[in-house]
Amino acid sequence: MKISIKKGNVAEQKTPCLVWGVFSGKYKEEQLAQINQHVGEAFARAIGSKELTGRKGETLLLHGCAQASAERILLVGLGKESDFTLHSLRQVTCSVVKLLVEKQLGSFALALQEFPVKKSDLGQRVQAITEGLFLADYRYERYLQKEKPGRPALLGKIDLLISSEENAAEAKAAVAVAESISAGVCFARDLVNAPGNLKTPEFLAMEAVAMAEKNGVKARLMDRRELQRQGFGALLGVAQGSVQDPFLIVLEYNGGAETDQPIALVGKGVTFDSGGISLKPSEKMDEMKMDMGGAAAVLGTMRAAAQMKLPINLVAIVPAVENMPSGAAIRPGDILTSLSGQTIEVLNTDAEGRLILADALAYVGRFEPRVVIDLATLTGACIIALGNHAAALLGNHDGLARQLLRAGERSGERLWQLPLWSEYVEQIKSDFADVKNTGGRAAGTITAAAFLQQFADKYRWAHLDIAGMAWAEQGKAGQPKGGTGFGVRVLIEYLREEAK
Ligand code: BES
Ligand code: MN
Ligand code: ZN
């Protein structure tokens with residue numbers, strides 16, 4: 001896909017298709033005049049017959065618009081003008097792409113950035129649109145051998161039309177930003193979509209190293225022997241049931257001053273979660289190849305941040321393991337000694353994410369981070385609480401939580417905070433060890449976070465449970481079935497603000 005910023009009169013665009021927006025409700029005179037100028041009667045008739053009301057995502061493709069140079073005009077509903085946000089703009093762009101590529105129209109001109117979004121500048125609108133273009137153009141076809149009939153087109157040449165040359169530089173910079181972010185998201189999606197037989201912990205480590213080398217990021221891997229030497233007892237406990245070697249992936253990006261304390265990102269990297277001896281039911285177990293969605297988000301964010309040359313220092317830690325049942329696997333009742341020295345009673349081997357994160361969170365303290373954010377597909381309970389519309393946010397610092405919530409709203413990757421009161425810690429007290437790895441059925445997402453908190457006590461910390469967000473069971477515009485890359489956009493939004 002090639003995106004160009006073009007100054008020009010909308011009516012004079014020679015393009016296979018011109019995309020123009022329509023707000024719902026009362027049509028403003030000027031809006032009507034603008035559209036009528038190009039499509040004349042056709043528009044009036046479409047409104048008259050209620051074929052176009054302006055509802056968000058609604059579309060009408062018109063041919064033979066005499067006054068316009070475009071071969072076609074696609075009118076797209078933007079919803080109510082007062083409700084129009086950057087996120088709606090991104091979503092609307094995704095619907096436009098879905099419709100046009102299905103009609104084999106991969107090249108078009110878009111004028112949606114000229115529509116008003118409250119409290120936004122042109123750069124932000126162009127960024128939202130460009131993200132929409134890239135996210136909707138994504139597909140995972142690595143293992144499709146046969147050409148499927150009716151396959152949608154890929155995007156070709158896209159012109160973003162702006163009214164004044166003055167804004168061209170701002171718009172171009174926004175396209176570049178969105179390209180970096182989207183590349184990070186798509187990298188994360190590819191990782192999540194990769195099947196478990198290919199995507200071993202070693203594969204994840206190699207992908208991380210390759211990404212780091214291409215983007216000027218420092219990479220280091222710790223293998224089983226090194227992890228044993230250093231005492232990563234909780235991580236190794238999870239890994240011991242699998243024939244696949246575990247790895248701790250450590251990445252460092254230094255875009256800030258040498259003395260700046262880094263921001264640390266930690267991502268759960270369970271390449272396949274069978275549950276271990278506490279085996280999961282077989283229905284939908286295939287989806288558990290996505291249990292490294294946190295790792296994917298962290299790696300995608302590192303890639304985007306480095307490509308954008310953000311002026312900050314970042315550390316990324318990914319504990320990568322496979323959770324399998326076998327004669328060598330940990331059993332319920334086993335007690336592990338974690339890197340922090342605290343002992344953990346394993347009551348359920350399917351609560352493995354918190355075990356590997358316990359050691360990763362203890363380890364990351366060595367970098368003296370000013371903030372630590374972990375992302376993990378940690379609990380099924382999170383899906384019960386929030387469904388597939390927001391990630392749960394918990395942590396030990398209110399300011400950090402508020403910043404992340406705002407970044408979530410702005411990026412369209414929503415977070416919702418749950419409490420982490422000390423009362424919840426009671427549920428993870430063990431009779432035989434310092435803590436146990438399950439807290440019963442009540443408040444499963446919170447007790448998982450309460451467990452992590454025991455290992456994240458030396459710094460400001462936030463935890464995102466992305467169990468409901470890392471995988472899309474059903475495809476929609478801008479998001480085919482499968483890995484979502486959730487987390488990259490909200491993290492980059494947060495990091496850009498921190499870098500200011
Ligand atoms: N990876 C799962 C959580 C999960 C479930 C993510 C569904 C995405 C979709 C995690 O390792 C897990 O199995 N958690 C258990 C914890 C329980 C045993 C305390 C759960 O949520 O059932
Ligand atoms: Mn599990
Ligand atoms: Zn898991």
Side-chain angles (χ1 to χ4, degrees), residues 192-193 196 199 201 204 234-235 237-239 241-242 244 246 266-297 318-325 329-334 344-360 374-392 394 418 424 427-430 435-452 463-474 481-484 486-487:
V192 172
N193 286 330
K199 183 177 54 186
L204 201 57
L235 187 159
V238 177
S242 170
Q244 301 297 338
V266 177
K268 172 178 172 182
V270 175
T271 58
F272 184 71
D273 180 12
S274 69
I277 295 295
S278 314
L279 194 64
K280 286 183 180 297
S282 51
E283 197 194 337
K284 288 203 199 165
M285 204 202 269
D286 58 296
E287 286 183 9
M288 281 303 128
K289 69 176 183 179
M290 60 76 121
D291 211 15
M292 35 57 72
V318 170
V321 301
E322 185 181 47
N323 188 24
M324 287 298 224
I330 43 168
R331 342 153 174 59
D334 282 6
I344 306 168
E345 185 186 13
V346 178
L347 286 182
N348 189 322
T349 65
D350 197 10
E352 84 297 340
R354 64 196 78 184
L355 296 174
I356 65 170
L357 288 172
D359 280 349
D374 80 73
L375 287 88
T377 48
L378 202 62
T379 63
C382 187
I383 311 176
I384 304 297
L386 299 173
N388 310 106
H389 300 291
L394 302 99
L418 298 178
Y424 292 105
Q427 283 174 245
I428 53 162
K429 287 196 172 149
S430 159
V435 280
K436 58 183 179 188
N437 79 333
T438 57
R441 277 172 59 84
T445 301
I446 301 179
T447 53
F451 179 93
L452 297 181
H463 159 64
L464 306 187
D465 193 332
I466 61 169
M469 304 306 290
W471 182 263
E473 246 178 90
Q474 273 157 357
K481 174 177 176 166
T484 62
F486 183 94

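These numbers come from a predicted model, not from an experiment. Ligands are counted one by one from 1 in listed order, and the atoms in each one are counted from 1 as well.
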> Tell me, which protein residue and heavy-atom name are nearest atom 7 (C) of ligand 1, and how many Å apart are they?
M288 CE, 3.4 Å

> Can you name the N, O or S atom of D273 that is closest to the Zn ion (ligand 3)?
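Output for this pair reads OD2.
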
> Select one of side chain, backbone, both or neither to describe which atoms of N348 lie under 4.0 Å from any atom of ligand 1, heavy atoms only.
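Near ligand 1, N348 shows its side chain, while the N, CA, C and O stay back.
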
> Report the distance from atom CG of L464 to atom CZ of F486, rounding to the nearest 0.5 Å.
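Going from CG on L464 over to CZ on F486, the span is 7.0 Å.
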
> Can you name the atoms of ligand 1, numbered from 1 with element, that are less than 4.0 Å from a heavy atom of E352?
11 (O)

> Determine, for D291 against K268, whether the closest basic-nitrogen to carboxylate-oxygen distance falls under 4.0 angstrom.
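So D291 pairs with K268 through a salt bridge.
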
> Quick check: of its N, O or S atoms, which one does E352 have closest to the Zn ion (ligand 3)?
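Of all N, O or S atoms in E352, the Zn ion (ligand 3) lies closest to OE2.
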
> Any N/O/S atom of D350 sitting less than 2.8 Å from the Mn ion (ligand 2), backbone or side chain?
yes

> Hey, does D291 come in under 3.5 Å of ligand 1, counting only N/O atoms on both sides?
yes

> Quick one: are L355 and N437 in side-chain contact, heavy atoms under 4.5 Å?
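The answer is yes; the side chains approach within 4.5 Å.
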
> Using a cut-off of strictly less than 2.8 Å, determine whether D350 has an N/O/S atom near the Zn ion (ligand 3).
no

> So do the side chains of T445 and L378 get within less than 4.5 Å of each other, counting heavy atoms only?
no

> Counting C-beta onward and ignoring hydrogens, is there a side-chain heavy-atom pair between E322 and E352 closer than 4.5 Å?
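No; the side chains remain at least 4.5 Å from each other.
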
> Does K268, backbone or side chain, put an N or O under 3.5 Å from an N or O of ligand 1?
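By distance alone, the answer is yes.
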
> Which is the closest N/O/S atom of D291 when seen from the Zn ion (ligand 3)?
OD2

> Counting C-beta onward and ignoring hydrogens, is there a side-chain heavy-atom pair between E287 and E473 closer than 4.5 Å?
yes

> Check whether any heavy atom of M290 sits under 4.0 Å from an atom of ligand 1.
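M290: in contact with ligand 1 (<4.0 Å).
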
> Can you tell if the side chain of K289 reaches within under 4.5 Å of the side chain of K199, non-hydrogen atoms only?
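SC-SC contact between K289 and K199 confirmed.
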
> For T438 and ligand 1, does the shortest N/O to N/O distance drop below 3.5 Å?
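So ligand 1 has no N or O lying under 3.5 Å from an N or O of T438.
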
> Report the nearest protein non-hydrogen atom to atom 16 (C) of ligand 1: residue, atom name, distance rounded to 0.1 Å.
R354 NH2, 3.7 Å

> Quick one: does ligand 1 sit under 4.0 Å from the side chain of M469, the backbone, both or neither, non-hydrogen atoms only?
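The answer is neither; M469 stays 4.0 Å or more away.
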
> Under 4.0 Å from any heavy atom of T377, which atoms of ligand 1 are there?
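With T377 as reference, the close atoms of ligand 1 come out as 1 (N), 2 (C), 3 (C), 6 (C).
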
> Got a sec: is A351 within less than 2.8 Å of the Zn ion (ligand 3) via an N/O/S atom?
no

> Show which atoms of ligand 1 fall inside a sub-4.0 Å distance from at least one heavy-atom site of A467.
6 (C), 8 (C)

> Rounded to the nearest 0.5 Å, what separates atom NZ in K284 from atom OG in S282?
12.5 Å

> May I ask whether M292 has any heavy atom positioned less than 4.0 angstrom from an atom of ligand 1?
no

> Would you say that I356 contacts V270 through its side chain, given a criterion of any heavy-atom pair below 4.5 Å between the two side chains?
yes

> For atom 15 (C) of ligand 1, grab the closest protein heavy atom and report residue, atom and distance to one decimal in Å.
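Result: D350 O, 4.0 Å.
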
> Does T349 reach the main-chain N or O of I277 with its side chain, forming a donor-acceptor pair under 3.5 Å?
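Yes: the side chain of T349 pairs with the backbone of I277.
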
> What N/O/S atom of E352 is the closest to the Mn ion (ligand 2)?
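The E352 atom nearest to the Mn ion (ligand 2), restricting to N, O or S, is OE1.
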
> What residue and atom, counting heavy atoms only, is the protein's closest point to atom 10 (C) of ligand 1, and at what distance?
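Here the nearest protein heavy atom works out to L378 O, 3.3 Å.
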
> Are side-chain N/O atoms of T379 and D465 paired as donor and acceptor at under 3.5 Å?
yes

> Working to the nearest 0.5 Å, report the span between CG of D286 and CZ of F272.
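Between atom CG of D286 and atom CZ of F272 there are 7.5 Å.
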
> Using heavy atoms and a 4.0 Å limit, tell me yes or no: is I383 in contact with ligand 1?
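In this structure, I383 qualifies as a contact of ligand 1 - some heavy atom is under 4.0 Å.
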
> Would you mind reporting whether L279 and S274 have side-chain heavy atoms less than 4.5 Å apart?
yes

> Which atom, among the N/O/S set of D273, is closest to the Mn ion (ligand 2)?
OD2

> Taking the side chain as every heavy atom from C-beta outward, state whether I446 and L394 have any pair of such atoms under 4.5 Å apart.
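I446 reaches L394 side chain to side chain.
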
> Can you check whether a protein heavy atom sits less than 4.0 angstrom from atom 21 (O) of ligand 1?
yes

> Give the residue and atom name of whichever protein heavy atom lies nearest to atom 2 (C) of ligand 1, and the separation in Å to one decimal.
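Ranking protein heavy atoms by distance from atom 2 (C) of ligand 1, first comes D273 OD2, 3.6 Å.
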
> Ignoring hydrogens and geometry, is there a side-chain-to-backbone donor-acceptor pair from Q427 to A450 under 3.5 Å?
no

